**Q** 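If you scroll down you'll find the structure; I have some questions about it.
Residue numbers begin at 1 in each chain, while the letters A, B, ... track the order of the sequences. Treat the numbers as computed from the prediction; the structure is a model and nothing was measured.
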There are 2 protein chains.
Amino acid sequence: MIVNSNVAKVASLVSEPSRAAILTVLLDGRYHTVNELAHMARIKPQTASFHLKKMLDAQVVTAEKQGRHRYYGIMNQEVAQVMESFLSIAPPAEIKSLHHASEDKAIRLARTCYDHLAGNLGVQLTESLKRKGFITEENDTFSVTEDGKAFFHSMQIDLTSLKKKRRSFSHKCLDWSERRHHLAGALGNAILEKLLERNWIQRIPKSRAIKITPRGMKGLKETFAIDMDR
Amino acid sequence: MIVNSNVAKVASLVSEPSRAAILTVLLDGRYHTVNELAHMARIKPQTASFHLKKMLDAQVVTAEKQGRHRYYGIMNQEVAQVMESFLSIAPPAEIKSLHHASEDKAIRLARTCYDHLAGNLGVQLTESLKRKGFITEENDTFSVTEDGKAFFHSMQIDLTSLKKKRRSFSHKCLDWSERRHHLAGALGNAILEKLLERNWIQRIPKSRAIKITPRGMKGLKETFAIDMDR
DNA sequence: TAAATATTTCAATTATCATCGAAATATGGA
DNA sequence: TCCATATTTCGATGATAATTGAAATATTTA
């Protein structure tokens, strides 16, 4: 269970449509400029700035200045998870166009959730790791088994350095589209980065959706026994 | 970019103080009337009705009409979970429990509801049947499992003949004193008759109240693991 | 230095929403 | 039937907060 004093704040901030739209965009884990966010939320930059200041004060987002731009990003994992949990009980968004339909399909298939993999791919990957006995399920977290240690070593993922980070090493994150848990935390992040590095997956610009490359299809099948081809 | 505007709606339902107070009460899993909820949230019944309608439309709560009362309850486990995690951080104003000056204890303990058992006994019996896996909960009805068939046979209740009756075989009935569902319909009636026949319970003249006999206390404990003695 | 762009601040307007009195509707009981 | 109670609907009010034009500030580029 998430214990976070920001939950209440986040909930009240999320309840405003423009802010919810902004936060949804920021769920991709990347930083965006005020103009970008304003355009995506269909409001004027002044309005976006007004909302972003509010969320900055509430420590729901962070800002980084770079030249005349100001890049806004989501504050942390907890905020992302509160957003996702709201997504899990909210009725699905109305799909208005063919373009939206295909985007919806893509985002359900594979996407980033803050800084780790989510969607069908994220859940399947987590299931595979469990099935192969590399991770075991605890209450709110996953633990790496002895077999798992060897496996991640072979994947060139250094668990020791991950554990040194201040953030959670590995915890469960509820997937709104799959309604199941996927792997989050430093380990989830490391896996995402590794798959990007190997060019098994690619980020789709201006979206949280992830594309699986032909090489990725092959790799996922061989390493994880996941067939995303169907 | 798809922005799920429903997230904002769901979040706004939770983040409004009066609604949060109402939802907190409903987290007990029971059903409550509009007046009760209004009193507990310290708002007028019109206002409570206004909020409840909103939450009903958003499928955050359910409603069931019984006479001139309308009982509201929380929609499902998912909503409860989001509420729990939200409220565990920011508990709203404390709820003063209603003090009912004169309560008929007997009628709350056990009574008939039309032609089946209600009150604490009725609810406990239903819960026991569920717990033991003899019945399962459907939308508005209960179904008898394979184990249940054997059990009712051992109780000398003939399900086949019950199903032939034109009336509903088994449906849920909201218990006003327990605010939970109990078993009604032909099956509920058959159980009542069987317990009367075995002299586990007796009707109290000129009342809907039911008296549990010493033999009944023993039988309920042995057969259903229900202790009505406390 | 001047022009263009990004963002914020300010002030005024507008929109939204909770609240509650009054009245309507529905039901139970005498 | 009439009366009491439960709930909803309607309409008005007031408080709060979102929105945006105008202007200020900051930074890059020419």
**Q** Consider the side chain of A/K44, meaning its heavy atoms from C-beta on, and name the nucleotide among D/dT19, D/dA18, D/dG21 that approaches it most closely.
**A** D/dG21
**Q** C/dT8 phosphate, OP1 or OP2: any side-chain N/O from A/Y72 under 4.0 angstrom?
**A** yes
**Q** Whether A/K53 contacts C/dT9 is assessed here as follows: a side-chain N or O lying under 4.0 Å from the phosphate OP1 or OP2. Is that the case?
**A** no
**Q** Take atom NE2 of B/H32 and atom P of D/dA6, then tell me their distance rounded to the nearest Å.
**A** 16 Å
**Q** Report yes if at least one side-chain N or O of B/T47 is closer than 4.0 Å to OP1 or OP2 of C/dA18; otherwise report no.
**A** no
**Q** Using whole Å, what does the distance between atom P of nucleotide C/dT7 and atom CG of A/L52 come to?
**A** 10 Å
**Q** Rounded to the nearest 0.5 Å, what separates atom CH2 in B/W200 from atom CD1 in B/I210?
**A** 14.5 Å
**Q** Taking only the side-chain heavy atoms of A/V34 (C-beta and beyond), determine which of C/dA18, C/dT8, C/dT27 contains the nearest atom.
**A** C/dT8
**Q** Picking from C/dC20, D/dT7, D/dT19, which would you name as closest to the side chain of B/R70?
**A** D/dT7
**Q** Measuring to OP1 and OP2 of D/dT7, would you say a side-chain N or O of B/N35 lies under 4.0 angstrom away?
**A** yes
**Q** When the distance from CD of A/Q46 to P of C/dT13 is rounded to whole Å, what number comes out?
**A** 17 Å
**Q** What heavy-atom pair brings B/A110 and B/L121 nearest, and what distance separates the two atoms?
**A** CB-CB, 3.8 Å
**Q** Report yes if a side-chain nitrogen or oxygen of A/H51 is closer than 4.0 Å to either non-bridging phosphate oxygen (OP1 or OP2) of D/dT19; otherwise report no.
**A** yes
**Q** Go through D/dA17, D/dA22, D/dT8 for me and flag the one nearest to the A/K54 side chain.
**A** D/dA17
**Q** Within this structure, what is the OG1-CD1 distance for the pair A/T213 and A/I201, rounded to the nearest 0.5 Å?
**A** 8.5 Å
**Q** Please tell me which of the listed nucleotides, C/dG28, C/dC20, C/dT19, lies nearest to the side chain of B/R68?
**A** C/dG28
**Q** Are B/F224 and B/F151 close enough that their ring centres sit under 6.0 Å apart?
**A** yes
**Q** If I take atom CG in residue B/D57 and atom P in nucleotide D/dT8, what distance separates them, rounded to the nearest angstrom?
**A** 12 Å
**Q** Is the phosphate of C/dA18 approached by B/S18 (side-chain N or O, under 4.0 Å from OP1 or OP2)?
**A** no
**Q** Within this structure, what is the CZ-to-P distance between B/R42 and C/dT19, rounded to whole angstrom?
**A** 14 Å
**Q** From the options D/dA18, D/dA6, C/dT8, select the nucleotide whose nearest atom is closest to the side chain of A/F50.
**A** D/dA18
**Q** Side-chain N or O of A/Y71 less than 4.0 angstrom from OP1 or OP2 on C/dT7?
**A** no
**Q** Which atom pair, heavy atoms only, marks the closest approach of A/V14 to B/A11?
**A** CG1-CB, 3.7 Å
**Q** Just the rounded figure in Å: distance from C1' of D/dA17 to CZ of A/R19.
**A** 9 Å
**Q** How many angstroms lie between CG in B/L52 and OG1 in B/T47, if you round to the nearest 0.5 Å?
**A** 10.5 Å
**Q** I want to verify a distance call: between D/dG21, C/dC20, D/dT19, whose nearest atom is closest to the A/E16 side chain?
**A** D/dT19
**Q** Taking CD1 from A/I43 and C1' from C/dT14, how many angstroms apart are they, rounded to a whole number?
**A** 16 Å
**Q** Would you mind telling me which of D/dT9, C/dA26, D/dT20 lies closest to the side-chain atoms of B/S49?
**A** D/dT9
**Q** Take the protein atom CG of B/L37 and the nucleotide atom P of D/dA6, then report the distance between them rounded to whole Å.
**A** 13 Å
**Q** When you measure from the side chain of B/H69, which nucleotide among D/dA6, C/dT8, C/dA26 comes out closest?
**A** D/dA6
